[in-house]
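This structure is a prediction, so every number in the text was calculated from the model and none was measured. Sequential numbering from 1 along the given sequence is applied to the chain's residues. The basis for the numbers below is simple: all heavy atoms, side chains too, and nothing from hydrogens, waters or symmetry mates.
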Amino acid sequence: MQKEYRTIAEVAGPLMLVDKVEGVKYEELVEIELPSGEIRRGRVLEAMAGKALVQIFEGTAGLNMEKTKVRFLGKVIEFPVSLDMLGRVFDGFGNPLDGGAPIIPEKRLDINGSPMNPYSRAYPSEFIQTGISTIDGMNTLVRGQKLPIFTGSGLPHARLAAQIARQAKVLGDAGEFAVVFAAMGITFEEADFFISDFRKTGAIDRAVLFVNLASDPTIERIATPRIALTCAEYLAYEKGMHVLVIMTDMTNYAEALREISAARKEVPGRRGYPGYLYTDLSTLYERAGRVKGKPGSITQIPILTMPEDDKTHPIPDLTGYITEGQIILGRELHRKGIYPSVDVLPSLSRLKDKGIGQGKTREDHSGVLNQLFAAYSRGKEVKELAVILGEAALSETDKKFSKFADEFERRFVAQGEYTDRDIITTLNLAWELLAILPVAELKRVREEHITKYLPPTV
């Protein structure tokens, strides 16, 4: 029988201070019983001498300090896991949202997970095909990698996330593939888009969705990615599945963290975010990876909206330090009507070289990737020069690079929302575009690859 307390000393925002408590521990679950009999839940944020600071998940509205009972449950937040989770939709706390029966758990796991021993990590090396040329061809995703998408307000990151979730697969591997999708602070329309898209395309059969709406409690937003990653760890490390975790939008998560920090009257860091934002984000991102001796893996694609398209904002800035690269969506490409509007020049996958080449994609992939990048970069420079000096000032070679840049955006970057290009199609398309340029300018691909793959010019 848990001891009951009626010693609430203070309530501020979603936080409550309870006095004269004994034996309370950090992260312990709390049950709050209102005079009406309504039960709310919370967790201990701080335990000091005789006091406990409690974070209430459903908020403190209507809470009567004198008549409310508080019980400390002596356990942390746990999530019930089982293979029955696949094909289901849950809220941010892991309660079924799809009208289905509650999960009969195989076990219950602490949502904070356990830090992975760096020695037991296996190095990411297998190629994951997303079916999107700008990612597969230029910024390759590798199994066990964490590769965020940096986007801006109004850009099509939701459509891109749904497309990756539908199309992603590990080539040449018989292991089962699953997608864990965590949405934080999104609108009802966005939630409806994701759920209906997954159902319509059949992708939901291998997916688990966790949806936290903008109208849901802020505290739920803090728990959502942790519950999703706990689900992913169970599928990956206990059931041997390849799991892709897509988390959108990490900016909403960081805003919730800032709100809780302000309620706790903590000293703010950059732009009002708590000083421990880096540490907190790393506890989520570092739950990706592969473990030696186990077939499963967790690959992460966190999506974050850059406030005012600012890459130096604390959220993208700190995310860039923890993760292995970034895919950046460009507003200029979006204005041109190009989908997906991936800006390949500032985008980077730091592990791309580990997942490409003979036996993984194709032997010419590395050279083609570098040649495309160099040619597109030069083509953009030529187009800027033409604006200043006029077309007449360009050489014939410059004009070809300018044409290449246009065709690259129109044919390689742009593709349909339901167009799933395999890696061979992407590489062959790259060679078709390189045929626009003089062979003498193809300095980053091997001669034997030019002979083998470059289509004859008409």
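Residues Arg331 and Ser153 approach most closely at NH2-O, 2.9 Å, considering heavy atoms. Here the shortest heavy-atom pairing between Gln300 and Leu284 reads NE2-O, 3.0 Å. Contact detail for Pro340 and Ile132: the closest heavy-atom pair is CG-CG2, 3.9 Å.
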Applying salt bridge (Lys or Arg N to Asp or Glu O under 4.0 Å), run through Arg410 and Glu407 and close with a yes or a no.
CA-CA 5 Å; Arg410 190 176 68 82; Glu407 290 295 302; 2.8 Å; yes
Between Arg350 and Glu324, is the salt bridge (Lys or Arg N to Asp or Glu O under 4.0 Å) condition met? List the steps.
CA-CA 5 Å; Arg350 291 192 184 98; Glu324 292 115 9; over 6 Å; no
Kindly indicate, with the supporting measurements, whether the criterion salt bridge (Lys or Arg N to Asp or Glu O under 4.0 Å) is fulfilled by Arg446 and Glu363.
CA-CA 10 Å; Arg446 294 184 181 178; Glu363 76 272 18; over 6 Å; no
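Side-chain polar atoms of Thr425 and Asn428 form no donor-acceptor pair below 3.5 angstrom. With 3.5 Å as the limit, one finds no donor-acceptor pair spanning the side chains of Asp136 and Thr426.
With hydrogens and angles ignored, the 3.5 Å screen pairs a side-chain donor or acceptor of Arg221 with a backbone N or O of Leu213.
Here salt bridge (charged side-chain N to carboxylate O under 4.0 Å, His left out) pairs that include residues 189-211, with residues two or more places apart or in two chains, are Arg166-Asp197. Sequence neighbours left out, the pairs with a member in residues 74-125 that pass ring pair (Phe, Tyr, Trp, His ring centres under 6.0 Å) are Phe57-Phe93, Phe79-Phe210, Phe90-Phe210.
A salt bridge links Arg159 with Glu417: the closest approach of a Lys/Arg side-chain nitrogen to an acidic carboxylate oxygen falls below 4.0 angstrom. For the pair Glu238 and Lys294, the salt-bridge criterion is not met [side-chain N within less than 4.0 Å of a carboxylate O]. Between Glu441 and Lys400 there is no salt bridge, since none of the side-chain N atoms of the basic residue sits less than 4.0 Å from a carboxylate O of the acidic one.
The side-chain tip of Arg258 points at the ring of Tyr273 from less than 6.0 angstrom away and within 45° of straight on. For the pair Arg362 and Tyr453, the cation-pi test (distance below 6.0 Å, angle within 45°) is passed.
Other residues, nucleotides and ligands contribute over 12 non-hydrogen atoms within 6.0 Å of the NZ atom of Lys292. Counted within 6.0 Å of CZ on Arg444, heavy atoms from surrounding residues, nucleotides or ligands total 12 or fewer; the atom is thus considered open.
A side-chain contact (heavy atoms from CB on, under 4.5 Å) with Tyr278 is found for one member of Asp317, Ile322, Thr319 and no other, namely Ile322.
Residues passing the side chain to side chain donor-acceptor pair (under 3.5 Å) test with Lys239 are Glu106, sequence neighbours excluded.
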